[in-house]
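Order of the sequence lines fixes the chain letters, A, B, ..., with proteins taken first and strands second; residue numbering starts at 1 for each chain.
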Number of protein chains: 2
Amino acid sequence: MYSFTEENYLKAIYKLSDNKAGEITTNAIADAMQTKAASVTDMVKKLAEKQLLKYEKYKGVKLSAKGRKVAIDTVRKHRLWETFLHNKLNFKWDEVHEIAEQLEHIQSETLIDKLDDFLGYPAHDPHGDPIPGKNGEIKMHDVVTLSNLKKGDRCVVVGVVDHRTIFLKHLQKINLMPGSKIQVSTINEFDQSHNIKVNRNIELQISFDVAKNILVKIDS
Amino acid sequence: MYSFTEENYLKAIYKLSDNKAGEITTNAIADAMQTKAASVTDMVKKLAEKQLLKYEKYKGVKLSAKGRKVAIDTVRKHRLWETFLHNKLNFKWDEVHEIAEQLEHIQSETLIDKLDDFLGYPAHDPHGDPIPGKNGEIKMHDVVTLSNLKKGDRCVVVGVVDHRTIFLKHLQKINLMPGSKIQVSTINEFDQSHNIKVNRNIELQISFDVAKNILVKIDS
DNA sequence: TACAATTTTTAGACTAATCTAAAAATATTT
DNA sequence: AAATATTTTTAGATTAGTCTAAAAATTGTA
């Protein structure tokens with residue numbers, strides 16, 4: 001239906017729309033896609049012709065309902081495949097992204113439905129990101145970053161803000177990942193570093209930079 | 001490493017080499033790839049430059065060891081994915097081919113190794129075709145077509161000669177597939193149709209055309 | 001062996017996606 | 001508001017893969 005490249009552009013634009021409101025600029029897209037502005041202009045014209053987005057010269061773009069659906073479907077496929085790679089094939093959570101970037105473009109609705117069923121209709125991928133449903137609905141769970149908690153608070157890790165491999169590998173190293181239960185022991189005033197207790201037994205000190213990038217659900 | 005298209009050409013040439021000895025002609029490749037002879041000439045030149053095959057103008061092509069390895073790896077990936085789709089996602093055996101045609105081009109050696117492990121190192125795909133090993137070795141099991149048996153012989157279905165959907169669907173309909181145990185009851189002299197007993201209880205009559213296209217292992 | 005038929009290759013053109021370099025529009029600064 | 005800087009678009013070229021139509025080579029046949 002849509003090419004590999006078209007799906008990738010739509011996904012990138014969708015992710016940019018999520019952060020900022022309003023129109024998405026050509027340069028922002030070029031940056032996200034690791035390509036040149038001229039290439040973006042060309043592709044954006046093509047996508048506008050196919051009614052996947054609204055484009056006005058020098059004014060940026062905005063996804064149409066149709067374009068957003070394609071983007072969300074691509075995200076759904078990506079996150080289901082990541083879950084498969086992690087839960088069934090035992091890939092570490094920092095290894096799944098690149099392969100899922102390829103798998104997300106496989107064309108078959110039945111395949112994705114059956115994969116979803118095989119995985120037991122998971123709500124979140126290995127990074128804690130929500131997996132959109134078949135109809136495009138996304139259940140955001142209500143989360144805060146670990147850096148928002150106060151001394152004594154209990155929580156469970158559900159995801160990350162920074163998705164870069166270097167950060168994921170770091171969490172892997174200190175054994176902190178989705179599902180880990182945390183209690184904040186102390187917050188050091190000097191550098192805002194946190195002393196935390198993981199899974200009721202391991203004491204750990206993490207920098208403010210790390211705390212800011214961990215998403216948690218407050219244990220109630 | 002190699003493009004989608006390059007892998008498909010190498011696989012097609014490999015399959016043609018399997019049947020006939022000697023050089024593979026341009027038209028035969030065009031036919032197998034559903035494309036034009038001119039396109040084949042172009043691609044074959046490119047593959048020859050990359051040392052994936054030997055090409056002499058007007059003389060046809062022959063895979064190099066390197067080219068054959070790429071082709072066999074592609075076949076291995078195809079058949080492992082078919083097995084996954086059939087065994088884990090419950091696709092019927094006539095539905096797996098098209099999706100596997102896409103999945104076979106996903107680039108990741110680790111992925112295939114882990115998939116192989118997840119599936120329990122299967123020796124054959126859902127159609128009974130052997131799955132090449134990591135090093136390219138193919139264990140042919142020693143089979144004959146059902147039409148070669150004599151009255152009273154017992155055997156187990158292990159595969160098919162004709163891989164077209166129309167044939168696979170027919171076998172599905174009469175409930176005859178890999179693993180089915182067969183005993184030949186009668187061979188009708190008039191049209192060579194076979195009366196067989198399946199799994200020790202179901203009596204079935206199949207045409208010579210069907211018997212010729214079923215691969216079996218003799219029960220000893 | 002020469003003519004015809006078939007196969008294969010070449011030449012030139014097309015599409016999708018990309019790029020560089022230059023031009024045009026918009027935004028910022030003084 | 002004019003000058004400068006930045007962003008975006010256009011123009012023209014490139015690459016991978018494909019095509020049609022014509023030319024060249026090979027094969028088959030009389």
Let me know the distance between NZ of B:Lys59 and P of C:dT9, rounded to the nearest Å.
11 Å
Treating A:Glu95 as the side-chain partner and A:Lys92 as the backbone partner, does any N or O pair qualify as donor plus acceptor under 3.5 Å?
yes
B:Thr26 side-chain proximity, nearest of D:dT10, C:dT18, C:dT8
C:dT8
Side chain to side chain donor-acceptor pair (under 3.5 Å) evaluation trace for A:Asp191 with A:Ser193
CA-CA 5 Å; A:Asp191 60 357; A:Ser193 69; 2.9 Å; yes
The side chain of B:Lys45 lies closest to which of these nucleotides: D:dT18, C:dT10, D:dT10?
C:dT10
Which nucleotide in C:dT18, C:dT10, D:dT20 has an atom nearest any side-chain atom of B:Lys36:
D:dT20
Can you tell me the distance, in whole Å, between the CG atom of B:Asn8 and the C1' atom of D:dA16?
14 Å
If you check the A:Ala38 side chain, which of C:dT20, D:dC19, C:dT18 turns out closest?
C:dT20
Would you indicate what A:Thr41 reaches in the nucleic acid, counting non-hydrogen atoms under 4.0 angstrom: base, sugar-phosphate, or nothing?
base
Has A:Tyr9 got a side-chain N or O lying under 4.0 Å from the OP1 or OP2 atom of C:dT18?
yes
Proximal nucleotide (of C:dT10, C:dT8, D:dT18) relative to the B:Asn27 side chain
C:dT8
Distance check needed: D:dC19 P versus B:Met43 CE, whole Å only.
11 Å
Side-chain N or O of B:Thr5 less than 4.0 angstrom from OP1 or OP2 on D:dA16?
no
Rounded to the Å, how far apart are A:Tyr58 OH and C:dA24 P?
9 Å
Between C1' on C:dT7 and CD1 on B:Ile29, what's the gap in Å once rounded to a whole number?
13 Å
Closest-nucleotide ordering on DNA chain C, the 5'-leading residue of A:Lys57 and A:Ser39
A:Ser39
Quick check on D:dT7: is either OP1 or OP2 less than 4.0 Å from any side-chain nitrogen or oxygen of A:Thr25?
no
Of the options B:Lys77, B:Lys11, B:Arg79, which is the one that meets B:Glu104 in a salt bridge (Lys or Arg N to Asp or Glu O under 4.0 Å)?
B:Lys11
Here the distance between atom C1' of D:dT7 and atom CD of A:Glu56, to the nearest Å, is 16 Å
Rounded to whole Å, please give me the gap between CD in A:Glu6 and P in C:dA16.
9 Å
So what does A:Phe4 touch, heavy atoms closer than 4.0 Å: a base, only the sugar-phosphate, or nothing?
nothing
Can you measure A:Lys50 atom NZ to C:dA16 atom P for me and round it to whole angstrom units?
8 Å
Any A:Tyr55 side-chain N or O less than 4.0 Å from OP1/OP2 of D:dT9
yes
Donor-acceptor pairs are to be reported for all side-chain atoms of residues 165-178 of chain A against protein atoms at under 3.5 Å, with residues two or more places apart or in another chain.
{"residue": "A:Gln172", "atom": "OE1", "partner": "A:Trp93", "partner atom": "NE1", "Å": "3.3"}

Determine, step by step, whether A:Lys217 and A:Asp142 satisfy the salt bridge (charged side-chain N to carboxylate O under 4.0 Å, His left out) criterion, reporting the C-alpha distance in whole Å, the side-chain angles of both residues, the deciding distance to 0.1 Å, and the verdict.
CA-CA 7 Å; A:Lys217 200 171 76 184; A:Asp142 114 77; over 6 Å; no
